[in-house]
Amino acid sequence: MRTLIIVWLGQIVSIIGSGMTGFAFTIWVWELTHQATALTLFSFFGQVPQILIIPIAGVIVDRWNRKYLMMVGDTVSGLLTITVLLLYITHNLQLWHLYLAVGVKGTFQQFQTLAFSASVSMMVPKQQYSRASSISYLISSSSIIIAPALAGTLYAVIGLVGILIIDITTFAIALLTVLLISIPQPPMTKVGKRMSTNLKTDLYFGWRYVAARPSLFAMLLLLLLFVFADKFADLLVTPLILARTGNDTKVLGAVYSAAGLGGIIGALLMGAWGSFQPRIHAVLLGMAGAGLSQTVFGLGIIPLIWIPAQFCSSLNFPIMGSAHDAIWLNKVKPELQGRVFAMRSMVMPISSALASLIAGPLADRVFVPAMKPNGTLAPILGWIFGTGSGAGIALLYVISSLSMLVVGLGGYAFRVLRDVEIILPDHDASVEE
(Lines give C-alpha, C1' and ligand atoms only; values in the text may rest on other atoms or scores of the structure.)
Protein backbone atom coordinates (compact mmCIF):
# COMPACT_ATOMS: atom_id res chain seq x y z
CA MET A 1 0.00 0.00 0.00
CA ARG A 2 3.02 2.33 0.43
CA THR A 3 3.30 3.45 -3.20
CA LEU A 4 -0.46 3.85 -3.47
CA ILE A 5 -0.60 6.06 -0.40
CA ILE A 6 2.29 8.22 -1.59
CA VAL A 7 0.55 8.78 -4.94
CA TRP A 8 -2.67 9.75 -3.24
CA LEU A 9 -0.99 12.07 -0.74
CA GLY A 10 0.22 14.08 -3.71
CA GLN A 11 -3.08 13.84 -5.55
CA ILE A 12 -5.17 15.00 -2.59
CA VAL A 13 -3.44 18.39 -2.73
CA SER A 14 -4.29 18.69 -6.43
CA ILE A 15 -7.85 17.48 -5.89
CA ILE A 16 -8.42 20.10 -3.20
CA GLY A 17 -7.11 22.83 -5.51
CA SER A 18 -9.32 21.66 -8.36
CA GLY A 19 -12.29 21.44 -6.00
CA MET A 20 -11.76 25.02 -4.85
CA THR A 21 -11.60 26.19 -8.47
CA GLY A 22 -14.72 24.27 -9.41
CA PHE A 23 -16.63 25.70 -6.44
CA ALA A 24 -15.46 29.22 -7.28
CA PHE A 25 -16.53 28.78 -10.91
CA THR A 26 -19.95 27.61 -9.73
CA ILE A 27 -20.46 30.79 -7.69
CA TRP A 28 -19.16 32.99 -10.52
CA VAL A 29 -21.42 31.43 -13.15
CA TRP A 30 -24.51 31.47 -10.92
CA GLU A 31 -23.96 35.15 -10.10
CA LEU A 32 -23.58 35.80 -13.82
CA THR A 33 -26.60 33.84 -15.12
CA HIS A 34 -28.84 32.59 -12.26
CA GLN A 35 -29.70 29.60 -14.45
CA ALA A 36 -29.40 25.89 -13.65
CA THR A 37 -28.74 25.23 -17.34
CA ALA A 38 -25.52 27.26 -17.31
CA LEU A 39 -24.22 25.19 -14.40
CA THR A 40 -25.20 21.81 -15.85
CA LEU A 41 -23.51 22.65 -19.15
CA PHE A 42 -20.20 22.62 -17.25
CA SER A 43 -20.68 18.93 -16.69
CA PHE A 44 -21.91 18.31 -20.23
CA PHE A 45 -18.91 19.90 -21.94
CA GLY A 46 -16.59 18.13 -19.52
CA GLN A 47 -18.05 14.70 -20.29
CA VAL A 48 -18.60 14.68 -24.07
CA PRO A 49 -14.89 14.77 -25.08
CA GLN A 50 -14.24 11.90 -22.66
CA ILE A 51 -16.77 9.71 -24.46
CA LEU A 52 -14.79 10.11 -27.68
CA ILE A 53 -11.33 9.60 -26.15
CA ILE A 54 -11.94 6.76 -23.67
CA PRO A 55 -11.57 3.82 -26.13
CA ILE A 56 -8.25 5.22 -27.34
CA ALA A 57 -7.21 6.00 -23.76
CA GLY A 58 -7.76 2.38 -22.78
CA VAL A 59 -5.49 1.13 -25.54
CA ILE A 60 -2.80 3.68 -24.67
CA VAL A 61 -2.93 2.82 -20.96
CA ASP A 62 -2.33 -0.87 -21.76
CA ARG A 63 0.55 -0.06 -24.15
CA TRP A 64 2.32 2.95 -22.62
CA ASN A 65 3.94 3.76 -19.29
CA ARG A 66 1.13 4.48 -16.84
CA LYS A 67 3.25 6.72 -14.61
CA TYR A 68 3.99 9.09 -17.50
CA LEU A 69 0.30 9.22 -18.44
CA MET A 70 -0.57 10.31 -14.91
CA MET A 71 2.04 13.05 -15.13
CA VAL A 72 0.65 14.28 -18.45
CA GLY A 73 -2.79 14.63 -16.86
CA ASP A 74 -1.49 16.88 -14.06
CA THR A 75 0.63 18.93 -16.48
CA VAL A 76 -2.21 19.69 -18.90
CA SER A 77 -4.61 20.53 -16.07
CA GLY A 78 -2.09 23.01 -14.67
CA LEU A 79 -1.54 24.68 -18.04
CA LEU A 80 -5.30 25.04 -18.59
CA THR A 81 -5.73 26.68 -15.19
CA ILE A 82 -2.96 29.14 -16.04
CA THR A 83 -4.74 29.97 -19.30
CA VAL A 84 -8.04 30.64 -17.53
CA LEU A 85 -6.23 32.83 -14.99
CA LEU A 86 -4.66 34.94 -17.74
CA LEU A 87 -8.02 35.35 -19.47
CA TYR A 88 -9.66 36.44 -16.23
CA ILE A 89 -7.05 39.00 -15.15
CA THR A 90 -7.12 40.54 -18.65
CA HIS A 91 -10.96 40.76 -18.46
CA ASN A 92 -11.38 38.45 -21.45
CA LEU A 93 -12.82 35.38 -19.69
CA GLN A 94 -16.17 34.28 -21.10
CA LEU A 95 -18.46 31.39 -20.30
CA TRP A 96 -17.51 29.44 -23.42
CA HIS A 97 -13.83 29.64 -22.39
CA LEU A 98 -14.70 27.70 -19.24
CA TYR A 99 -16.71 25.13 -21.20
CA LEU A 100 -13.75 24.58 -23.54
CA ALA A 101 -11.29 24.37 -20.64
CA VAL A 102 -13.28 21.75 -18.72
CA GLY A 103 -13.65 19.73 -21.93
CA VAL A 104 -9.91 19.60 -22.60
CA LYS A 105 -9.10 19.07 -18.93
CA GLY A 106 -11.60 16.22 -18.65
CA THR A 107 -10.06 14.52 -21.67
CA PHE A 108 -6.55 14.41 -20.25
CA GLN A 109 -7.76 13.60 -16.76
CA GLN A 110 -9.35 10.51 -18.27
CA PHE A 111 -5.89 9.23 -19.22
CA GLN A 112 -4.69 10.00 -15.70
CA THR A 113 -7.63 8.34 -13.93
CA LEU A 114 -7.59 5.28 -16.16
CA ALA A 115 -3.83 4.84 -15.77
CA PHE A 116 -4.15 4.98 -12.01
CA SER A 117 -7.15 2.60 -11.87
CA ALA A 118 -5.34 0.04 -14.00
CA SER A 119 -2.23 0.32 -11.78
CA VAL A 120 -3.95 -0.50 -8.48
CA SER A 121 -3.80 -4.26 -9.06
CA MET A 122 -0.03 -3.96 -9.60
CA MET A 123 0.55 -1.99 -6.39
CA VAL A 124 -1.47 -4.01 -3.86
CA PRO A 125 -2.40 -7.71 -3.40
CA LYS A 126 -5.92 -8.77 -4.37
CA GLN A 127 -6.96 -9.10 -0.71
CA GLN A 128 -6.48 -5.33 -0.40
CA TYR A 129 -8.47 -4.23 -3.48
CA SER A 130 -11.46 -2.98 -1.46
CA ARG A 131 -9.22 -1.14 0.99
CA ALA A 132 -7.16 0.35 -1.83
CA SER A 133 -10.30 1.64 -3.49
CA SER A 134 -11.54 3.03 -0.17
CA ILE A 135 -8.37 5.16 0.05
CA SER A 136 -9.39 6.86 -3.20
CA TYR A 137 -12.82 7.66 -1.76
CA LEU A 138 -11.27 8.77 1.53
CA ILE A 139 -9.07 11.33 -0.19
CA SER A 140 -11.71 12.57 -2.63
CA SER A 141 -14.19 12.90 0.25
CA SER A 142 -11.63 14.83 2.29
CA SER A 143 -11.31 17.28 -0.56
CA ILE A 144 -15.10 17.72 -0.64
CA ILE A 145 -14.95 18.88 2.98
CA ILE A 146 -11.94 21.13 2.61
CA ALA A 147 -12.37 22.61 -0.87
CA PRO A 148 -15.88 24.15 -0.56
CA ALA A 149 -15.16 25.49 2.92
CA LEU A 150 -11.90 27.11 1.79
CA ALA A 151 -13.32 28.38 -1.50
CA GLY A 152 -16.49 29.73 0.13
CA THR A 153 -14.36 31.68 2.63
CA LEU A 154 -11.53 32.74 0.34
CA TYR A 155 -13.70 33.74 -2.63
CA ALA A 156 -14.73 36.95 -0.87
CA VAL A 157 -11.14 37.64 0.22
CA ILE A 158 -8.80 36.71 -2.65
CA GLY A 159 -11.39 36.25 -5.40
CA LEU A 160 -11.16 33.93 -8.38
CA VAL A 161 -7.56 35.00 -9.09
CA GLY A 162 -6.26 33.87 -5.73
CA ILE A 163 -8.07 30.52 -5.92
CA LEU A 164 -6.70 29.84 -9.40
CA ILE A 165 -3.15 30.57 -8.18
CA ILE A 166 -3.63 28.07 -5.34
CA ASP A 167 -4.87 25.49 -7.86
CA ILE A 168 -1.81 25.94 -10.08
CA THR A 169 0.48 25.40 -7.08
CA THR A 170 -1.30 22.16 -6.14
CA PHE A 171 -0.84 20.74 -9.65
CA ALA A 172 2.91 21.28 -9.34
CA ILE A 173 2.98 19.41 -6.02
CA ALA A 174 1.02 16.47 -7.43
CA LEU A 175 3.27 16.27 -10.48
CA LEU A 176 6.41 16.19 -8.32
CA THR A 177 4.98 13.41 -6.16
CA VAL A 178 4.28 11.13 -9.12
CA LEU A 179 7.69 11.91 -10.60
CA LEU A 180 9.51 10.70 -7.48
CA ILE A 181 7.84 7.27 -7.10
CA SER A 182 7.91 4.05 -9.13
CA ILE A 183 4.67 2.61 -10.53
CA PRO A 184 5.09 -0.98 -11.78
CA GLN A 185 3.93 -2.00 -15.24
CA PRO A 186 1.97 -5.26 -15.63
CA PRO A 187 3.79 -8.20 -17.25
CA MET A 188 2.42 -9.13 -20.67
CA THR A 189 1.05 -12.70 -20.56
CA LYS A 190 0.08 -14.87 -23.51
CA VAL A 191 -3.52 -13.76 -23.11
CA GLY A 192 -2.50 -10.10 -23.17
CA LYS A 193 -0.36 -10.54 -26.29
CA ARG A 194 -3.04 -12.51 -28.06
CA MET A 195 -5.67 -9.88 -27.24
CA SER A 196 -3.46 -6.92 -28.20
CA THR A 197 -2.88 -7.34 -31.92
CA ASN A 198 -3.60 -4.02 -33.59
CA LEU A 199 -5.17 -0.65 -32.80
CA LYS A 200 -8.49 -1.34 -34.55
CA THR A 201 -8.94 -4.60 -32.66
CA ASP A 202 -7.94 -3.02 -29.35
CA LEU A 203 -10.46 -0.18 -29.72
CA TYR A 204 -13.34 -2.66 -29.62
CA PHE A 205 -11.74 -5.15 -27.26
CA GLY A 206 -13.36 -3.86 -24.05
CA TRP A 207 -16.85 -4.04 -25.51
CA ARG A 208 -16.35 -7.59 -26.79
CA TYR A 209 -14.83 -8.69 -23.50
CA VAL A 210 -17.81 -7.47 -21.43
CA ALA A 211 -20.42 -8.57 -23.98
CA ALA A 212 -19.06 -12.12 -23.72
CA ARG A 213 -19.62 -12.06 -19.95
CA PRO A 214 -23.32 -11.34 -19.16
CA SER A 215 -22.64 -10.73 -15.48
CA LEU A 216 -20.14 -7.96 -16.25
CA PHE A 217 -22.56 -6.54 -18.79
CA ALA A 218 -25.26 -6.49 -16.10
CA MET A 219 -22.84 -4.68 -13.77
CA LEU A 220 -22.21 -2.16 -16.53
CA LEU A 221 -25.91 -1.55 -17.14
CA LEU A 222 -26.53 -1.18 -13.41
CA LEU A 223 -23.78 1.44 -13.21
CA LEU A 224 -25.14 3.34 -16.20
CA LEU A 225 -28.65 3.62 -14.74
CA PHE A 226 -27.43 4.57 -11.28
CA VAL A 227 -24.90 7.15 -12.47
CA PHE A 228 -27.52 8.78 -14.70
CA ALA A 229 -29.97 9.19 -11.81
CA ASP A 230 -27.25 10.24 -9.35
CA LYS A 231 -25.68 12.74 -11.72
CA PHE A 232 -29.12 14.15 -12.50
CA ALA A 233 -29.66 14.81 -8.80
CA ASP A 234 -26.10 16.04 -8.19
CA LEU A 235 -26.41 18.68 -10.90
CA LEU A 236 -29.42 20.14 -9.11
CA VAL A 237 -27.84 20.46 -5.64
CA THR A 238 -26.13 23.82 -6.20
CA PRO A 239 -29.06 25.64 -7.86
CA LEU A 240 -31.45 24.07 -5.31
CA ILE A 241 -29.50 25.30 -2.28
CA LEU A 242 -28.72 28.73 -3.75
CA ALA A 243 -32.34 29.22 -4.80
CA ARG A 244 -33.71 28.12 -1.41
CA THR A 245 -31.25 30.27 0.60
CA GLY A 246 -30.93 33.42 -1.51
CA ASN A 247 -27.41 32.63 -2.77
CA ASP A 248 -25.99 31.75 0.64
CA THR A 249 -22.62 30.24 -0.29
CA LYS A 250 -21.86 29.33 3.33
CA VAL A 251 -24.84 26.98 3.47
CA LEU A 252 -23.80 25.51 0.13
CA GLY A 253 -20.29 24.96 1.44
CA ALA A 254 -21.66 23.33 4.61
CA VAL A 255 -23.76 20.91 2.57
CA TYR A 256 -20.77 19.89 0.46
CA SER A 257 -18.64 19.56 3.58
CA ALA A 258 -21.26 17.23 5.08
CA ALA A 259 -21.05 15.18 1.91
CA GLY A 260 -17.29 15.00 2.25
CA LEU A 261 -17.50 13.99 5.90
CA GLY A 262 -19.93 11.21 5.03
CA GLY A 263 -17.57 10.01 2.33
CA ILE A 264 -14.65 9.99 4.77
CA ILE A 265 -16.55 7.94 7.36
CA GLY A 266 -17.68 5.49 4.67
CA ALA A 267 -14.12 5.16 3.36
CA LEU A 268 -12.74 4.63 6.87
CA LEU A 269 -15.32 1.92 7.50
CA MET A 270 -14.28 0.18 4.29
CA GLY A 271 -10.61 0.55 5.16
CA ALA A 272 -11.11 -1.02 8.60
CA TRP A 273 -13.72 -3.59 7.69
CA GLY A 274 -12.91 -4.56 4.12
CA SER A 275 -16.23 -5.27 2.46
CA PHE A 276 -19.45 -7.20 2.50
CA GLN A 277 -19.18 -10.78 1.29
CA PRO A 278 -20.32 -11.14 -1.38
CA ARG A 279 -19.42 -7.61 -2.45
CA ILE A 280 -22.46 -7.21 -4.70
CA HIS A 281 -24.57 -6.63 -1.55
CA ALA A 282 -22.47 -3.56 -0.75
CA VAL A 283 -23.05 -2.29 -4.28
CA LEU A 284 -26.83 -2.75 -4.38
CA LEU A 285 -27.58 -1.73 -0.77
CA GLY A 286 -25.26 1.25 -1.11
CA MET A 287 -27.18 2.45 -4.16
CA ALA A 288 -30.49 2.06 -2.36
CA GLY A 289 -29.18 3.83 0.76
CA ALA A 290 -27.89 6.78 -1.27
CA GLY A 291 -31.21 7.11 -3.08
CA LEU A 292 -33.21 7.04 0.15
CA SER A 293 -31.01 9.66 1.81
CA GLN A 294 -31.16 11.98 -1.18
CA THR A 295 -34.93 11.69 -1.27
CA VAL A 296 -35.02 13.05 2.29
CA PHE A 297 -32.62 15.81 1.18
CA GLY A 298 -34.95 16.87 -1.64
CA LEU A 299 -37.95 16.98 0.66
CA GLY A 300 -36.13 19.25 3.11
CA ILE A 301 -36.19 23.04 3.01
CA ILE A 302 -33.71 23.91 5.76
CA PRO A 303 -30.01 23.15 6.42
CA LEU A 304 -30.99 21.09 9.49
CA ILE A 305 -32.37 18.47 7.07
CA TRP A 306 -29.99 18.99 4.14
CA ILE A 307 -26.75 18.50 6.07
CA PRO A 308 -27.49 15.14 7.80
CA ALA A 309 -29.23 13.82 4.67
CA GLN A 310 -26.23 14.69 2.53
CA PHE A 311 -23.94 13.06 5.08
CA CYS A 312 -25.96 9.82 5.03
CA SER A 313 -26.07 9.79 1.24
CA SER A 314 -22.32 10.24 0.85
CA LEU A 315 -21.65 7.56 3.47
CA ASN A 316 -22.86 4.98 0.94
CA PHE A 317 -20.67 5.93 -2.01
CA PRO A 318 -17.28 4.65 -0.75
CA ILE A 319 -18.94 1.43 0.38
CA MET A 320 -20.61 0.64 -2.93
CA GLY A 321 -17.84 2.17 -5.03
CA SER A 322 -14.98 0.25 -3.48
CA ALA A 323 -16.95 -3.01 -3.64
CA HIS A 324 -17.80 -2.35 -7.30
CA ASP A 325 -14.15 -1.62 -8.13
CA ALA A 326 -12.97 -4.73 -6.27
CA ILE A 327 -15.29 -6.97 -8.28
CA TRP A 328 -13.86 -5.68 -11.57
CA LEU A 329 -10.27 -5.86 -10.31
CA ASN A 330 -10.83 -9.47 -9.27
CA LYS A 331 -12.46 -10.57 -12.51
CA VAL A 332 -10.28 -8.88 -15.17
CA LYS A 333 -6.61 -9.72 -15.81
CA PRO A 334 -4.22 -6.83 -15.01
CA GLU A 335 -2.78 -6.63 -18.55
CA LEU A 336 -6.31 -6.23 -19.96
CA GLN A 337 -7.62 -3.75 -17.42
CA GLY A 338 -6.74 -0.61 -19.40
CA ARG A 339 -9.01 -1.53 -22.30
CA VAL A 340 -11.75 -3.15 -20.23
CA PHE A 341 -11.79 -0.39 -17.61
CA ALA A 342 -11.86 2.19 -20.41
CA MET A 343 -15.09 0.67 -21.64
CA ARG A 344 -16.45 0.68 -18.09
CA SER A 345 -15.32 4.30 -17.71
CA MET A 346 -17.42 5.30 -20.71
CA VAL A 347 -20.54 4.72 -18.64
CA MET A 348 -19.73 7.70 -16.44
CA PRO A 349 -19.35 10.40 -19.12
CA ILE A 350 -22.18 9.02 -21.29
CA SER A 351 -24.73 8.93 -18.47
CA SER A 352 -23.38 12.18 -16.98
CA ALA A 353 -23.50 13.98 -20.33
CA LEU A 354 -27.10 12.90 -20.91
CA ALA A 355 -28.05 14.01 -17.41
CA SER A 356 -26.25 17.34 -17.86
CA LEU A 357 -28.01 17.96 -21.14
CA ILE A 358 -31.45 17.24 -19.71
CA ALA A 359 -31.40 18.33 -16.05
CA GLY A 360 -30.91 22.09 -16.48
CA PRO A 361 -33.46 22.75 -19.25
CA LEU A 362 -35.98 20.39 -17.62
CA ALA A 363 -35.64 22.25 -14.33
CA ASP A 364 -35.67 25.79 -15.80
CA ARG A 365 -38.38 25.29 -18.42
CA VAL A 366 -40.69 22.63 -16.99
CA PHE A 367 -40.49 22.01 -13.25
CA VAL A 368 -39.69 25.53 -12.01
CA PRO A 369 -42.67 27.10 -13.86
CA ALA A 370 -44.91 24.17 -12.90
CA MET A 371 -44.24 24.69 -9.18
CA LYS A 372 -44.78 28.44 -9.11
CA PRO A 373 -47.90 29.67 -7.27
CA ASN A 374 -50.01 29.49 -10.44
CA GLY A 375 -48.19 26.51 -11.95
CA THR A 376 -49.82 23.27 -13.06
CA LEU A 377 -48.24 21.12 -10.34
CA ALA A 378 -48.45 23.63 -7.47
CA PRO A 379 -52.01 22.67 -6.38
CA ILE A 380 -51.00 18.97 -6.23
CA LEU A 381 -47.48 19.05 -4.80
CA GLY A 382 -47.18 22.55 -3.36
CA TRP A 383 -47.97 21.30 0.14
CA ILE A 384 -44.87 19.08 -0.01
CA PHE A 385 -42.33 21.24 -1.83
CA GLY A 386 -43.81 24.70 -1.44
CA THR A 387 -44.21 27.14 -4.32
CA GLY A 388 -41.31 29.46 -3.64
CA SER A 389 -37.89 29.65 -5.20
CA GLY A 390 -36.34 26.22 -5.71
CA ALA A 391 -39.58 24.22 -5.37
CA GLY A 392 -39.52 22.92 -8.93
CA ILE A 393 -35.86 21.97 -8.67
CA ALA A 394 -36.58 20.10 -5.42
CA LEU A 395 -39.35 18.08 -7.09
CA LEU A 396 -37.08 17.03 -9.94
CA TYR A 397 -34.35 16.18 -7.43
CA VAL A 398 -36.66 13.85 -5.49
CA ILE A 399 -37.74 12.07 -8.69
CA SER A 400 -34.12 11.34 -9.62
CA SER A 401 -33.30 10.24 -6.05
CA LEU A 402 -36.18 7.77 -5.98
CA SER A 403 -34.86 6.38 -9.27
CA MET A 404 -31.54 5.64 -7.54
CA LEU A 405 -33.40 3.72 -4.84
CA VAL A 406 -35.29 1.68 -7.44
CA VAL A 407 -32.10 0.84 -9.37
CA GLY A 408 -30.34 -0.46 -6.25
CA LEU A 409 -33.18 -2.64 -4.99
CA GLY A 410 -34.12 -3.73 -8.50
CA GLY A 411 -30.69 -5.29 -8.97
CA TYR A 412 -31.69 -8.16 -6.68
CA ALA A 413 -34.31 -9.26 -9.21
CA PHE A 414 -31.63 -10.48 -11.66
CA ARG A 415 -29.54 -13.56 -10.85
CA VAL A 416 -26.91 -12.69 -13.45
CA LEU A 417 -26.22 -9.58 -11.37
CA ARG A 418 -26.70 -10.66 -7.77
CA ASP A 419 -24.55 -13.80 -8.32
CA VAL A 420 -21.83 -12.11 -10.37
CA GLU A 421 -19.08 -13.20 -7.98
CA ILE A 422 -20.19 -16.84 -8.23
CA ILE A 423 -20.75 -16.94 -11.98
CA LEU A 424 -17.43 -15.32 -12.94
CA PRO A 425 -14.08 -16.78 -11.78
CA ASP A 426 -11.34 -14.49 -10.44
CA HIS A 427 -8.69 -13.53 -13.01
CA ASP A 428 -6.01 -15.61 -11.29
CA ALA A 429 -8.30 -18.66 -11.30
CA SER A 430 -9.39 -18.27 -14.94
CA VAL A 431 -9.03 -21.14 -17.38
CA GLU A 432 -7.41 -18.71 -19.80
CA GLU A 433 -3.62 -18.95 -19.94
Side-chain angles (χ1 to χ4, degrees), residues 8-35 38-43 45-46 71 73-106 108-109 112 139-179 234 237-239 241-242 245-261 263-264:
W8 269 117
L9 286 175
Q11 290 299 311
I12 187 174
V13 178
S14 176
I15 292 171
I16 291 173
S18 296
M20 291 176 61
T21 297
F23 190 86
F25 281 155
T26 298
I27 299 172
W28 186 71
V29 172
W30 179 260
E31 291 175 344
L32 184 68
T33 66
H34 285 85
Q35 291 184 344
L39 294 179
T40 58
L41 282 177
F42 265 111
S43 178
F45 286 111
M71 293 173 61
D74 278 325
T75 301
V76 172
S77 295
L79 292 175
L80 284 169
T81 304
I82 292 173
T83 302
V84 172
L85 173 61
L86 293 175
L87 288 170
Y88 183 79
I89 62 179
T90 57
H91 305 289
N92 291 314
L93 182 63
Q94 299 180 33
L95 200 54
W96 71 267
H97 290 144
L98 295 183
Y99 293 154
L100 178 62
V102 297
V104 177
K105 181 177 180 179
F108 282 89
Q109 280 190 329
Q112 181 184 28
I139 293 175
S140 61
S141 297
S142 299
S143 71
I144 294 175
I145 292 180
I146 299 171
L150 283 177
T153 302
L154 295 177
Y155 186 82
V157 180
I158 61 177
L160 187 59
V161 172
I163 291 176
L164 288 174
I165 292 174
I166 293 175
D167 193 13
I168 294 167
T169 304
T170 63
F171 281 126
I173 295 173
L175 182 62
L176 181 62
T177 303
V178 176
L179 180 64
D234 186 56
V237 170
T238 296
I241 298 299
L242 292 178
T245 63
N247 293 347
D248 192 331
T249 58
K250 292 182 179 180
V251 173
L252 181 62
V255 169
Y256 275 105
S257 294
L261 182 60
I264 286 177

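No hydrogens, no waters, no symmetry mates; every other heavy atom, side chains included, goes into these values.
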Chemist: For a quick test of reading the model, state the closest non-hydrogen atom pair linking Leu87 to Thr90 and the distance between them.
Modeler: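 Shortest heavy-atom separation between Leu87 and Thr90 comes out as O-OG1, 3.1 Å.
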Chemist: To the nearest 0.5 angstrom, please state how far the CG atom of Asn92 sits from the NE2 atom of His97.
Modeler: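 Interatomic distance, Asn92 CG to His97 NE2, rounded to 0.5 Å: 7.5 Å.
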Chemist: Answer yes or no: is there a side-chain heavy-atom contact under 4.5 Å between Phe25 and Val102?
Modeler: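 Phe25 vs Val102: side chains apart.
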Chemist: Could you pull out all donor-acceptor pairs under 3.5 Å where a side-chain atom in residues 156-171 meets a protein atom, sequence neighbours excluded?
Modeler:
| from | atom 1 | to | atom 2 | distance (Å) |
| --- | --- | --- | --- | --- |
| Asp167 | OD1 | Ser18 | N | 3.2 |
| Asp167 | OD1 | Thr170 | OG1 | 3.4 |
| Asp167 | OD2 | Thr21 | OG1 | 2.9 |
| Thr169 | OG1 | Ile165 | O | 3.0 |
| Thr170 | OG1 | Asp167 | O | 2.6 |

Chemist: Can you list the residues that meet the side chain to side chain contact (heavy atoms under 4.5 Å, CB included) rule with Thr75, with sequence neighbours excluded?
Modeler: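 Leu79, Leu175.
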